[in-house]
Amino acid sequence: MSDEPSAMSLPTPVPDLATSALEALHFVAGPGEPWHQGWTIETDQVEAQQTIDGLTAILQAANS
């Protein structure tokens with residue numbers, strides 16, 4: 001199994017847990033949140049955003 005978020009899924013989807021996790025992720029790393037302002041190296045910011053996007057996709061899939 002790869003460590004890349006896009007290659008991962010939850011073994012047994014738990015919609016309520018996925019919903020809470022998605023809300024928390026959006027709270028700390030959603031568009032316009034302070035999390036986006038602290039990056040000093042652009043490539044780090046891009047990689048971090050890709051991770052957030054991957055986690056969001058996993059949680060949305062588990063929530064459906």
Side-chain angles (χ1 to χ4, degrees):
M1 180 187 281
S2 172
D3 287 342
E4 293 297 316
S6 61
M8 295 182 184
S9 65
L10 297 175
T12 304
V14 182
D16 291 341
L17 180 60
T19 298
S20 295
L22 190 57
E23 288 173 0
L25 184 62
H26 282 235
F27 180 78
V28 297
E33 296 301 327
W35 180 84
H36 293 279
Q37 299 169 9
W39 299 99
T40 56
I41 300 172
E42 186 175 343
T43 55
D44 289 346
Q45 180 182 10
V46 169
E47 289 176 7
Q49 186 60 55
Q50 289 171 341
T51 299
I52 295 299
D53 293 345
L55 290 171
T56 298
I58 291 167
L59 293 170
Q60 286 175 332
N63 196 24
S64 56

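Worth knowing before you read on, the calculation uses all heavy atoms, side chains too, and leaves out hydrogens, waters and symmetry mates.
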Least distance between heavy atoms, Leu59 atom then Ala18 atom
O-CB, 3.7 Å
So which pairs with a foot in residues 18-31 pass side-chain hydrogen bond (donor to acceptor under 3.5 Å, both in side chains), sequence neighbours left out?
Thr19-Asn63
Quick one: name the residues clustered hydrophobically with Val28, using the 4.5 Å side-chain heavy-atom rule over I, L, V, M, F, W, Y, and just say none if it's on its own.
Phe27
Contacts of type side chain to side chain donor-acceptor pair (under 3.5 Å), residue Asp53, not counting sequence neighbours:
Gln49
For [range], which residue pairs pass the ring pair (Phe, Tyr, Trp, His ring centres under 6.0 Å) check, not counting sequence neighbours?
range          : answer
residues 44-64 : none
residues 42-64 : none
residues 39-58 : Trp35-Trp39

For Gln37, does the CD atom have more than 12 heavy-atom neighbours from other residues, nucleotides or ligands under 6.0 Å away?
yes
